[in-house]
Each structure stands twice: as C-alpha cells, then as structure tokens.
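Quick notes on the structure that follows.
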Amino acid sequence: MRLVLLGAPGAGKGTQAKKLIEKYGIPQISTGDILRKAVADGTPLGKEAKSYMDKGELVPDSVVIGLVKERLAQDDCKKGYILDGFPRNTAQAETLDQVLAEMNAPLDVALVVDVDKDDLMKRLTGRRTCRGCQQMYNIHFSPPKKEGVCDKCGGELYQRDDDKEETIKNRLDVYERSTAPLIDYYGKKNILKTVKGVGSIDDIFNNICSILDSQQS
Ligand code: AMP
C-alpha cells in the first residue's frame with residue numbers, strides 16, 4: 001500500500017504512522033524526521049534546512065524532493081510506504097506523481113487526518129518527543145508516567161524547536177496556504193479519504209484501518 005498522510009501539524013499523523021508501520025509492515029517516510037536527523041548530525045543539508053525549520057517555513061522543494069526520491073528507491077519501499085509530511089505543496093505533489101509514474105507505482109490513498117485549528121495549538125505546544133526512540137507524548141493528553149522520561153526506552157523527552165508558540169502559528173499558516181490545497185488535488189484524483197482526528201489514538205487508528213482495509217479488498 002502506498003499511502004500519503006495529510007493533515008495540519010499536530011493532527012497526529014506521526015503517531016498514527018508509527019502504529020500503521022507495525023500493522024502493515026511498511027516503512028514511514030517522514031521528511032520532518034529525516035530533516036531533524038540531518039540537523040542533529042550537523043550535515044550541510046541539515047544546516048541549510050535548520051533556518052527554515054526554526055521559522056516554521058518549508059525547506060526548499062529541491063532539497064526535500066531529492067531526499068524523498070532517494071528514500072523511495074530503497075528496497076523496503078517495494079511493498080509500499082507511508083509518506084508523512086510529504087508532499088507539502090502542489091509542486092511536491094506533482095513531482096511525486098511523476099516519480100511514481102516512472103516507477104509504475106502510483107499512490108493508492110491520500111488520507112487526511114482532520115482536526116480543528118483550536119485543538120491543534122494545544123496539541124502542538126504540549127508535544128514532547130523522545131530523543132532515543134522518537135516516541136511522542138503530550139503533556140496535556142498523553143503524558144509519560146515520569147515527567148521528561150520516555151515510558152518505552154527511558155530516553156529524555158524534549159520539545160521540538162519548532163513547537164514554540166510563534167513558530168507554531170507560522171506552521172499552521174503555511175499549512176493553510178501551501179498544504180491544504182492538496183486535499184482538492186487528491187480529491188480530483190479520486191484517492192482522497194478523510195478521518196476525524198479527534199478521540200482516542202486507538203479509535204482514530206481503528207477508523208484509519210477500516211478505511212485502508214476496505215481500500216485493499
Ligand atoms: P514536520 O515534522 O512534518 O512537521 O516537519 C517539520 C519541519 O520540517 C517543517 O515545518 C518544515 O520546515 C520541514 N519540512 C518537513 N517536510 C517538509 C516538506 N515536505 N517540504 C518542505 N519542508 C518540510
């Protein structure tokens with residue numbers, strides 16, 4: 001299954017993607033995670049990307065598209081994948097379609113995780129991520145058992161630089177302006193599905209699985 005997850009920052013795409021990996025045995029390709037790793041490793045690409053990420057702006061298409069192409073060519077993507085955070089604008093979506101057409105492997109589903117704007121702010125400011133295993137928590141809705149420590153691996157929890165309030169506002173604006181139009185884009189291609197991103201993580205996950213399973217049968 002070749003899947004694109006769409007939705008505003010904070011909609012829970014990453015959390016759901018991690019559960020989907022386990023159930024369907026396909027990798028998650030998160031451009032945000034790839035870029036954050038490049039920043040942490042201090043690579044030239046990471047240094048270039050950081051200035052955009054800290055402001056909540058999109059990293060230039062040429063950089064991100066190159067990363068995704070490279071990743072899609074790897075063996076573990078043959079069975080399918082979950083694209084999380086890519087594409088982020090129409091130019092990226094068009095390039096992705098071209099690349100996949102050349103591979104004779106078009107997308108199966110573009111799934112929107114839909115959450116109201118007011119909820120998004122609280123989710124993003126409360127978000128904490130484990131430095132070790134990338135497990136995500138929310139200090140308001142799903143706190144770890146011990147403050148600042150990952151339940152799964154005992155790693156240190158941190159707040160992403162771009163989860164500070166001013167940056168979040170900008171990321172939500174960028175989403176409305178650049179990424180939300182992709183809902184129409186995939187609607188016209190008849191591969192769009194929508195799931196409400198409110199309620200428990202497991203309920204949302206079950207709704208997503210029903211949609212995907214009905215798609216596969
Ligand atoms: P995310 O973790 O998906 O919210 O991404 C964090 C940040 O990485 C974004 O605010 C952008 O600065 C950058 N980023 C991630 N994916 C993309 C993309 N597809 N195109 C451009 N920038 C991206």
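In this chain, residues are counted from 1 in sequence order. Indexing begins at 1, ligand by ligand and atom by atom, following the structure's order.
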List, for ligand 1, each N/O atom that has a protein N/O partner under 3.5 Å away, with both atom names and the distance.
{"residue": "ligand 1", "atom": "2 (O)", "partner": "R36", "partner atom": "NH1", "Å": "2.9"}
{"residue": "ligand 1", "atom": "2 (O)", "partner": "R36", "partner atom": "NH2", "Å": "3.0"}
{"residue": "ligand 1", "atom": "2 (O)", "partner": "R160", "partner atom": "NH1", "Å": "3.4"}
{"residue": "ligand 1", "atom": "2 (O)", "partner": "R160", "partner atom": "NH2", "Å": "3.2"}
{"residue": "ligand 1", "atom": "3 (O)", "partner": "R88", "partner atom": "NH1", "Å": "3.0"}
{"residue": "ligand 1", "atom": "3 (O)", "partner": "R88", "partner atom": "NH2", "Å": "3.3"}
{"residue": "ligand 1", "atom": "4 (O)", "partner": "R88", "partner atom": "NH2", "Å": "3.2"}
{"residue": "ligand 1", "atom": "4 (O)", "partner": "R160", "partner atom": "NH2", "Å": "3.4"}
{"residue": "ligand 1", "atom": "4 (O)", "partner": "R171", "partner atom": "NH2", "Å": "3.2"}
{"residue": "ligand 1", "atom": "5 (O)", "partner": "R88", "partner atom": "NH2", "Å": "3.3"}
{"residue": "ligand 1", "atom": "12 (O)", "partner": "E57", "partner atom": "O", "Å": "2.6"}
{"residue": "ligand 1", "atom": "16 (N)", "partner": "T31", "partner atom": "OG1", "Å": "2.8"}
{"residue": "ligand 1", "atom": "16 (N)", "partner": "G85", "partner atom": "O", "Å": "3.4"}
{"residue": "ligand 1", "atom": "16 (N)", "partner": "R88", "partner atom": "NH1", "Å": "3.3"}
{"residue": "ligand 1", "atom": "19 (N)", "partner": "G85", "partner atom": "O", "Å": "2.9"}
{"residue": "ligand 1", "atom": "19 (N)", "partner": "Q92", "partner atom": "OE1", "Å": "3.0"}
{"residue": "ligand 1", "atom": "20 (N)", "partner": "Q92", "partner atom": "NE2", "Å": "2.9"}
{"residue": "ligand 1", "atom": "22 (N)", "partner": "V59", "partner atom": "N", "Å": "3.0"}

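- In this structure a side-chain-to-backbone donor-acceptor pair under 3.5 Å is missing from T43 to V39.
- Test T179, D97, D61 against Q92 for side-chain hydrogen bond (donor to acceptor under 3.5 Å, both in side chains) and you get one pass: D61.
- Annotation: K164, atom NZ; neighbour count of heavy atoms from other residues, nucleotides and ligands within 6.0 Å is above 12.
- Checking side-chain atoms of S178 against main-chain N and O of Y175 turns up no donor-acceptor pair under 3.5 Å.
- Using a 4.0 Å cut-off between charged side-chain N and carboxylate O, K23 and D213 make a salt bridge.
- Without hydrogens or angle criteria, R123 side chain to A11 main chain gives a donor-acceptor distance under 3.5 Å.
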